[in-house]
Number of protein chains: 2
Amino acid sequence: MQVAVIGGTRGLGNWIANFLKNKGCQVTITGRNTLLGEAIATKMGVYYTSSNTQAASSAQVVIVAVPIEFTPQTIKEVAPYLQEGALLVDVTSVKELPAQIMQETVPAGVEVLPTHPMFGPRIRSLEGQVIVLTPQNRGNWYPRVVEFLKSEQARILETTPEFHDRMMSIVQGLTHFAYIAIASTIEKMEVDIKESRKFSSPVYSLMLDMIARIVAQNPYLYYSIQTQNRYIPEVHETFLETFTHLKSMIDEENQEGFVKAMSSAAKHLDDLEAALGRSDKAISALNAEVTHLKESMGQEVGLRHMYSQKIHIGILEELNPDFVRLKEKNKITRLKLSNVEVLSAEEIRQWKIDNIPLKTFDVSVTFPENSKPDLIAQNIEKIEGVVQAKVIDVYQGQQIPEGWISITLTYQVVDSGLRTEVESILTTFGGKIR
Amino acid sequence: MQVAVIGGTRGLGNWIANFLKNKGCQVTITGRNTLLGEAIATKMGVYYTSSNTQAASSAQVVIVAVPIEFTPQTIKEVAPYLQEGALLVDVTSVKELPAQIMQETVPAGVEVLPTHPMFGPRIRSLEGQVIVLTPQNRGNWYPRVVEFLKSEQARILETTPEFHDRMMSIVQGLTHFAYIAIASTIEKMEVDIKESRKFSSPVYSLMLDMIARIVAQNPYLYYSIQTQNRYIPEVHETFLETFTHLKSMIDEENQEGFVKAMSSAAKHLDDLEAALGRSDKAISALNAEVTHLKESMGQEVGLRHMYSQKIHIGILEELNPDFVRLKEKNKITRLKLSNVEVLSAEEIRQWKIDNIPLKTFDVSVTFPENSKPDLIAQNIEKIEGVVQAKVIDVYQGQQIPEGWISITLTYQVVDSGLRTEVESILTTFGGKIR
């Protein structure tokens, strides 16, 4: 299948191009910078052209993945060139306007599917990711797209562009925008945020982290979303009125009014108990990690860097609210606490098996003849750090006393020190090492 | 030591009274409802009087723990009655006004310690809890209070009432108040919150949970905090201006201005990378739990109810976004997913050891005489579900062949089925059960 990704050299468009190429599609990407585009395409093993219309005219599926503000004009540019039977998709965070323009500009016989993938280019697979589809003229393509996304275990949400944009006006127009205003107010008030974190619970700290998370996003993208969603101005107005009204009740010492408004808002939110439970869990997960590390001072711990996925295993030498210091084999590693996840004992064991060169040992041992060689090997294999143990010989006869058998085992361990442990178990039960 | 807790019949005051009583203080509580007060005091094993002044005049430490709006008048009522050398403490969420009134109304020779315990009456100990102290006339009491709180492993933050109230005007006047306004706007816009959760990432869901968490608090307390902190009106004003300004940049399509404001706010927040890391972790902890449960369908899982701390162990029969259904021994239990934490394998094992009646078995087994009875017992003890194993007899002689010894072990298991496993290990290594 031939796919054109308009704006496929960067960001989500690039992610989509790469993903479809790996699924066996023949992919063409476009982008304004020819030199860069060609270099990226070569590296990815896809085609490149600087001409959007050329890419669009020769593909069965055309995906417009340019920044929101360029989306309307890009759709108008490429839509007339689509072949009959082709599919036109956009992947912007606003759906009403692109859906309308696509519908108005495609030739007859072209299917239109305005789409909002609810994820960024950092994900590794579609598993569990939400994709909103707002089909316009459902044809042969729609069931195929749904089936494909389902086979990739994405979660599909089908709705209208209008409903999508209304919901997004709350998610992004209300909560995200209010968060940006909170952060900007903190800046204006010249508050020392680090200092303010000391003055409250982990709840407040997590609140600040969530605010920081939103404010750290691409401001151009946020600007575009706020300006392109036509339901947002009303949401902003309503928020301003509501805030002003709540504030006036405080200023006028209208206790009854404030209490009524706050209780009523609480009632309207869905299941408060569940919200408390989930946020308690999120907070306790952060605390549990620190508690575990505190108890592991001077002992071996395993940490996974959240972004590079690199694993560090070593002795925990120092722990403060920001950093951990680990003594790894030949070096000291200092890691930011907020960037690492603590590994479980099982994860550490598995990592060692996968990453440390295994040592192989053989041992011959005599046991009473009623002993069970294969089960002995199985028991040895249960020792932590022993990766494999098997019987390579069972011998009875010369040099072996009457009523005894000689069993030869071969086993692999992650650390040669484990040899003592294996042999100790064998002799514990009366085995005699030859 | 004699302590009076003014308003000690309910809420945080009651928690403090109980806590100090358990630490060996002689505690008197007061409260307006005599019948109720007497009943509560009797149950707690403390004294009760309906007279605040009487309680205050006969105690060495007087703690005012009435709602914020009654705090000024209550301080004025009791302060003149304090004995020379006594300590007067308040525990409200605003510090400037109570500090000033206490200082103005106590007789000479009385020490004043305005305090803000940053926790509610649901906690079980002071360990790790933040307590803000804003000492006024530091005397003999101050170091004693600090030492006591430190011995309870509380985290002490010493500052001035002014600085405390300024910080709280951000924590509660800005973030909490904006959250209430967001929730109230959602109500006004008549948005279906459950529906809106589908339209975004786990990030948005956690944001909503944090908002719900704040809005679910006691609205009377929130009203009082907002009205009693004199720095809050300015914060509200600044927020309104900031929001209006950001909104106007959207309305006027001033991209440059918006991008500049958002980037600058982001820069002012502390370490964004750490905030991303921590919030990623909080979110992934919530996801990891669901993933683990999904993989455990039809298998044994352990769940701890977050509030009752009750443990449920059973076969996982059903899992949906809201509920889990467990088949426990003789019944089916349905639990709200948001209210339970998943236990680790180690926690399940420990629970079984602590809660399931143990079964004791003895076994006599012959082994070659070079075997090591105590180490055999130690190895048996390592089997999962075996709680204890020890050697009670080692015998050599009549009925035992030359070169062999008879070892008698006694061991306790959580399930009688483990008897087979223990005996199988003994015979694996050539032991003969007698």
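The shown structure was predicted, so the numbers you read here are calculated from the model rather than taken from an experiment. A, B, ... follow the sequence lines: proteins, then strands. Residue 1 opens every chain.
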Segment of [X] engaging chain B (4.5 angstrom heavy-atom cut-off):
X	answer
A/D374	neither
A/I214	both
A/H164	both
A/T159	side chain
A/Y204	side chain
A/Y222	both
A/F258	side chain
A/K194	both
A/N370	both
A/M262	both
A/V191	both
A/E273	both

With the side chain counted from C-beta on, respond yes when [X] and [Y] share a heavy-atom pair under 4.5 Å apart, and no when they do not.
X	Y	answer
A/M207	B/H176	yes
A/K188	B/E241	no
A/F429	B/T428	no
B/K382	A/K382	no
A/V132	B/K198	no
A/M189	B/R166	no
A/L206	B/R278	no

Ignoring hydrogens, what is the shortest heavy-atom contact between [X] and [Y]? Give both atom names and the distance.
X	Y	answer
A/A212	B/L269	CA-CD1, 3.6 Å
B/K247	A/F177	N-CZ, 3.7 Å
A/S184	B/L246	CB-CD1, 4.5 Å
A/A178	B/I182	CB-CD1, 3.7 Å
B/N339	A/G277	OD1-CA, 4.4 Å
B/E195	A/F163	CG-CZ, 3.5 Å

Hey, what do you get for [atom1] ([X]) to [atom2] ([Y]), rounding to the nearest 0.5 Å?
X	Y	atom1	atom2	value
B/L426	A/S371	CG	OG	13.0 Å
B/H268	A/I193	NE2	CD1	5.5 Å
B/H245	A/T185	NE2	OG1	11.5 Å
A/I170	B/I186	CD1	CD1	6.0 Å
B/M249	A/Q226	CE	CD	11.5 Å
A/E187	B/T242	CD	OG1	9.0 Å

(message) Suppose we call two aromatic rings close when their centres sit under 6.0 Å apart. Are B/F243 and A/F239 close by that rule?
(response) yes

(message) Aromatic contact between A/F367 and B/F367, with the criterion being ring centroids under 6.0 Å apart: yes or no?
(response) no

(request) Just do the ring pair (Phe, Tyr, Trp, His ring centres under 6.0 Å) check on A/Y179 and B/Y179 with the steps written out, would you? (result) CA-CA 9 Å; A/Y179 276 30; B/Y179 276 30; 5.8 Å; yes

(request) Heavy-atom distances under 4.5 Å only: say whether B/R155 touches chain A with side chain, backbone, both or neither. (result) neither

(message) Determine whether a donor-acceptor pair (N or O, by modelled atom type, separation under 3.5 Å) exists between the side chain of B/K281 and the backbone of A/A282.
(response) no

(message) Please rank A/N379, A/L337, A/I405 by heavy-atom pairs under 4.5 Å with chain B and give me the top one.
(response) A/N379

